[in-house]
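In what follows, a single structure is set out as structure tokens and then discussed.
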Amino acid sequence: MPRYNPQSIEPKWQKVWLDQKTFRTPGLDTLDRSKPKAYILDMFPYPSGAGLHVGHPEGYTATDIVSRYKRMRGFNVLHPMGWDAFGLPAEQYALRTGTHPSITTKTNVDTFRRQIQSLGLSYDWDREVDTTDPSYYRWTQWIFSKLYETWYDPAIRKGRPISQLEIPSGVLAQGDKAVAEFVGSKRLAYTAEVSVNWCEAMKAVLANEEVTGEGRSVEGNHPVVKRPLKQWMLRIPLYAERLIEDLELVDWPDAIKEMQRNWIGKSHGAEVDFQVCGSSDKIRVYTTRPDTLFGATYMVLAPEHALVAQITTPAQLAEVKAYQEQAARKSDLERTDLAKGKSGVWTGAKAVNPVNGEQIPVWISDYVLATYGTGAIMAVPAHDSRDWEFAKTFDLPIIRVLDGGKPDECWEEDGPHINSSNGEISLDGLGLTDAVEKITAFLAAKGAGEPKVNYRLRDWLFSRQRYWGEPFPLIHWEDGTISLVHDSELPVRLPEMERFEPSGTGESPLANATDWLNVTDPVTGKKGRRETNTMPQWAGSCWYYIRYIDPRNAQTLIDNELAKYWLPVDLYVGGAEHAVLHLLYSRFWHKVLFDLGVVEHAEPFHKLYNQGMILAFAYEDARKATVQSSLVEERDGGWFHKETGEKLNQIVAKMSKTLGNVVTPDEVVASHGADAMRLYLMFMGPLDRAKPWQSNGIEGVHRFLSRVWRLLVDEDAENLVLKPLANTESVELERLRHQTILKVQEDIEGMRFNTAISQLMVYVNGLFEALPATPGAAAGVPGVAAETLVQLLSPFAPHLADELWSLLGRSSTLAYHPWPVGEPSKAEEDSVEIALQVNGKLRDNAKVSKSATKEELLALAKANAKVQKFLEGQVIVKEIVVPGKIVNIVAKPA
RNA sequence: GUCCCGGUGGUGGAAUCGGUAGACACAGCGGACUUAAAAUCCGCAGACCUCGGUCGUGCGGGUUCAAAUCCCGCCCGGGACACCA
């Protein structure tokens, strides 16, 4: 009767773990800090209305296995879960349904928590955080206050309190307003009228990182246009250098590090001044190829460049103005579309090339970006493809200064310089590196330029005109000053509002919360208005890993001692889609907090691991049109359309409603149990690889768990009882046991869960084989084997393991039971099978003693009949013996 | 266009300090048990042929006694970036 029944044992153990707080991590008072620690973190989810999908449990299971394993190895483990619950989708859903986002958020969180708990994950639920909880966002606001009150000191490469900023006497002399302006120009958080990415469909501003290369929103793929708005910005580029350097300190996938480096986009070059003819104005350009300066035949300014108005000649004014207006109206998409040709207008002005005195025309064009470098370039058409295209379009002169490539093609590679000399300097004959060095020194000496490092990374646009986000702790006073809400008055709560639609004007919905909006200074009677923008969703997720360590601390963000002990996060698992956004922002905030002494480590996440996406099979017909999975049947080793009978191809695709191939965790838990689901997710393949869900696969692991159950439990008995266990273990089983312990622990440490599980299967197969042929015969599975198997299985299938553990007569959970000891000496085989080769081809195998010498192996090979057959009529040329592996005899015809 | 990752049986995948390719599973085939089915257990299983071999890790070369593994050149799939001067 008592068959393996996950539906009854899983809820039972989940209740025990929850009720007894089995996975509670001690707080400061009871924490034994002499023990090693493991902070194992999942990227917390956005609790959407759709509930958990199978991708979530993949990463969660992996971290859960590591957490459970580390506990058994005697580590203090911190393994928390929480909710990234602010954000646009909740607000949009609320607007559609008329339900307040705080209500839908609560419902969704409850669903997510129930689903996650049904997977048996060993989270400490006492540490749950929710970014929308005022007691949480109080500290998000606090961190913003710190950003506002911090400036970056380039001399010591650190963020410092604004109180330590020295005000130049010249600024002091100009009065309070000038001082405020000066300080504002140094704060890490500042407000500015900027051209922003405005998404009409979302009625909100987006950060650069939230806009795709096609000029559409990452969320929802809506069109995005440029529009000037007053916004809060964060000066993340000041930390660019450290954000690049400190990638050396962390153990992250190379691909992610590379993406961050690319995003920060450091480049070395020089700034060069060009004198405008007939004017005192100079145009400063940034170039990474100062060595090509002799080939500069014209210049281009961004249409928004400040000098355009001053240098444009009256004759060109109308045309220039028209072009500027046209450019301003274009979206980034239209401006950067590579398919379109180059456009531009001559300003009428000329400037002097500082190395050869040539007067060259100054153009404006939208292919030059106002926001990068100086917003102006020197154009070297012979050696830059963009300049080449522009010069060809407008018939501008092209001078080659590098020897290489075909005569009528642009050459962007290295080569000996030509046509590059004047009376004072010559680059002719030099290669790229030498030429750059020489010309840069020359320009510096003449005061016409200097070496310069540039970053692609821009200031982070940090405000949104939405309701469902953290309010800024700021007040705009009637006298034009801005002040922070005092720490003691935090949090600034998000007001309860009935209507919170975005206005569409760029004004946040909070502007309508009249009672909340207006404030009066109790001391001076001065009137003010709260900041009505809210923070972007990234704000809450930037620092949640810190709060988990000390989640209920009402006095400070985090206790210093706890921060010292638990940080950094030892293992951080999540999807690769956060490669630049969340992970870059988080590192930036962490560095600011590091500079302020809140945390003691330069980097927040030591080891990062990206789980691959769970895909699913889908079907398409000969025209490559996809077919709903419900209309597909499998027969005769192929797939066919149920209605038309057409033969279909199996493909791998993302799970989607349209393909009808979505699998939800709830249905898998219901049909096969959480343990089977966990095991299958890990058995599918390497964690970091994308792989398709196969319903047959889950059957397979379920069968394995049933086999384990049957190995130990007497299914014929009326009640739940163990089969009789044997007292002694054969030499072979002992060896297999030690091999299994060692393999499983190595594989868990290396995050190779699929091969750990196969080893467990090998062990179970071995135990079955060793059972007496006749059922009921005296000895069953050796007791030590039974206990070890259950222990090794427990990180993977914790419900089954705890159930069997209690059947084995142990009263408490396995969660903190010491991991079994695997001894390499006992795992070693005493004989090995080696390959006998002739000329590199396998001819026979031989079982030999592990200690056999080279001579013995060679003699054995030569005595082998099959080997001899292939040596007939041959002369031996060479003999290679690798003990424990192969003997290879090289021979050639006599 | 540039960068990164990958390509192994019918399927998911093992094996990379170069040393017996295909562990473990899924699907398949055969057998046992059963009135029958399910479940379970045992066995077979890369391809090709003359049953002793030959070929075989996307394709073509190379290094080596020996290559899935290292090198060169391609092809295909996935991801990221893309007028950043």
Side-chain angles (χ1 to χ4, degrees), chain A residues 3 213-214 253-259 261-263 265-267 269 285-289 292 300 335-338 340 342 365-369 371-380 383-387 389-390 454-458 576-577 579-580 612-613 615 617 634 637-638 650 652 680 683-686 688-701 703-704 706-707 710 715 752 754-762 765 768-769 775 832-846 866 869 877-882 884-891:
Chain A
R3 298 179 56 170
E214 284 85 44
D254 288 340
I256 302 292
K257 288 189 180 185
E258 197 53 32
M259 280 162 76
R261 283 193 202 99
N262 288 342
W263 191 264
K266 182 178 182 176
S267 79
V285 303
Y286 174 69
T287 176
T288 54
R289 294 295 301 271
T292 60
V300 187
R335 284 183 62 154
T336 62
D337 185 3
L338 286 172
K340 88 169 173 50
K342 296 278 183 285
S365 172
D366 59 10
Y367 86 90
V368 173
L369 307 173
T371 47
Y372 184 77
T374 60
I377 62 155
M378 64 177 207
V380 184
H383 307 291
D384 181 290
S385 59
R386 298 152 301 184
D387 297 345
E389 205 188 317
F390 191 83
N454 244 318
Y455 301 94
R456 211 182 66 118
L457 186 66
R458 312 285 158 80
E577 67 272 18
V580 279
M613 203 186 301
L615 305 168
F617 286 120
E634 187 178 358
Q650 190 182 52
V652 171
Y680 176 57
F683 187 59
M684 287 170 83
D688 59 357
R689 210 168 312 166
K691 44 213 172 280
W693 179 274
Q694 301 181 85
S695 39
N696 288 328
I698 185 101
E699 303 270 353
V701 294
R703 208 171 294 158
F704 167 69
S706 305
R707 240 165 103 76
R710 220 176 306 117
E715 291 198 300
R752 292 180 298 268
N754 53 333
T755 49
I757 294 167
S758 10
Q759 181 62 38
L760 288 169
M761 289 173 169
V762 168
N765 290 345
F768 263 105
E769 268 164 41
V832 280
E833 194 163 70
I834 64 157
L836 305 180
Q837 298 183 338
V838 176
N839 287 333
K841 285 190 180 175
L842 181 69
R843 294 308 172 188
D844 205 358
N845 292 314
K866 288 182 183 168
K869 196 182 127 191
V877 184
K878 198 170 179 181
E879 292 155 341
I880 293 120
V881 183
V882 183
K885 299 277 185 187
I886 60 144
V887 177
N888 186 15
I889 298 172
V890 186

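Please read these numbers as outputs of a predicted model, since none were measured by experiment. Side chains are part of it too, since the values below use all heavy atoms of this structure and drop only hydrogens, waters and symmetry mates. Protein chains get the first letters and strands the later ones, always in sequence-line order, with residue 1 at the start of each.
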> Counting any heavy atom closer than 4.0 Å, what does A:Pro686 reach on the DNA or RNA strands: base, sugar-phosphate only, or nothing?
Replying inline: sugar-phosphate
Using atom names, set out every protein N or O paired with an N or O of nucleotides 4-6 of chain B below 3.5 Å, distance rounded to 0.1 Å.
none

> Counting side-chain heavy atoms from C-beta on, which of B:G19, B:G53, B:A27 comes nearest to A:Arg703?
Replying inline: B:A27
> Which pair of non-hydrogen atoms, one from A:Met378 and one from A:Thr292, has the smallest distance, and what is that distance?
Replying inline: CE-OG1, 3.8 Å
> Which part of the nucleic acid does A:Asn262 contact within heavy-atom distance under 4.0 Å: base, sugar-phosphate only, or nothing?
Replying inline: nothing
>> Categorize A:Arg707 for me: base, sugar-phosphate, or nothing, with a 4.0 angstrom heavy-atom threshold over every strand shown.
In response: sugar-phosphate
> How would you label the contact of A:Tyr455 with the nucleic acid (heavy atoms, under 4.0 Å): base, sugar-phosphate, or nothing?
Replying inline: nothing
>> Applying a 4.0 Å non-hydrogen cut-off, can you work out what A:Val882 is touching in the nucleic acid: base, sugar-phosphate, or nothing?
In response: base
>> For a quick check of understanding: with a heavy-atom distance under 4.0 Å over all strands, which category does A:Arg843 fall into, base, sugar-phosphate or nothing?
In response: sugar-phosphate
>> At 4.0 Å (heavy atoms only), tell me whether A:Lys866 reaches a base, stays on the sugar-phosphate, or touches nothing.
In response: nothing
> Which nucleotide in the set B:A82, B:A14, B:G12 lies at the smallest distance from any side-chain heavy atom of A:Arg456?
Replying inline: B:A82
>> According to side-chain contact (heavy atoms from CB on, under 4.5 Å), who are the partners of A:Asp844, at least two apart in sequence or on a separate chain?
In response: A:Leu836, A:Asn864, A:Lys866
>> So A:Ser385, base contact, sugar-phosphate only, or nothing? Heavy-atom distance under 4.0 Å.
In response: nothing
>> Quick check: closest heavy atoms across A:Gly884 and A:Ile834, and the distance to 0.1 Å?
In response: C-CG2, 3.7 Å
>> Does A:Gly700 reach a base, just sugar-phosphate, or nothing at all? Heavy atoms under 4.0 Å.
In response: sugar-phosphate
> Given pairs defined as Watson-Crick or G-U wobble with both distances under 3.5 Å, what dot-bracket annotation applies to RNA chain B, with ( ) intrastrand, [ ] crossing, | other strand and . unpaired?
Replying inline: (((((((..(((......[....))).(((((.......))))).((((..))))..(((((..]....))))))))))))....
> If we take the C1' atom in both B:C3 and B:U11, what is their distance in whole Å?
Replying inline: 32 Å
> Side-chain N or O of A:Asn754 less than 4.0 angstrom from OP1 or OP2 on B:A14?
Replying inline: yes
>> Hydrogens and angles aside, do A:Arg707 and A:Asn765 bring a side-chain donor and acceptor to less than 3.5 Å of each other?
In response: yes
> Hey, does the side chain of A:Asn454 reach the backbone of A:Tyr372 with a donor-acceptor pair shorter than 3.5 angstrom?
Replying inline: no
> For A:Phe617 and B:U11, what is the distance between atoms CZ and C1' respectively, to the nearest whole Å?
Replying inline: 6 Å
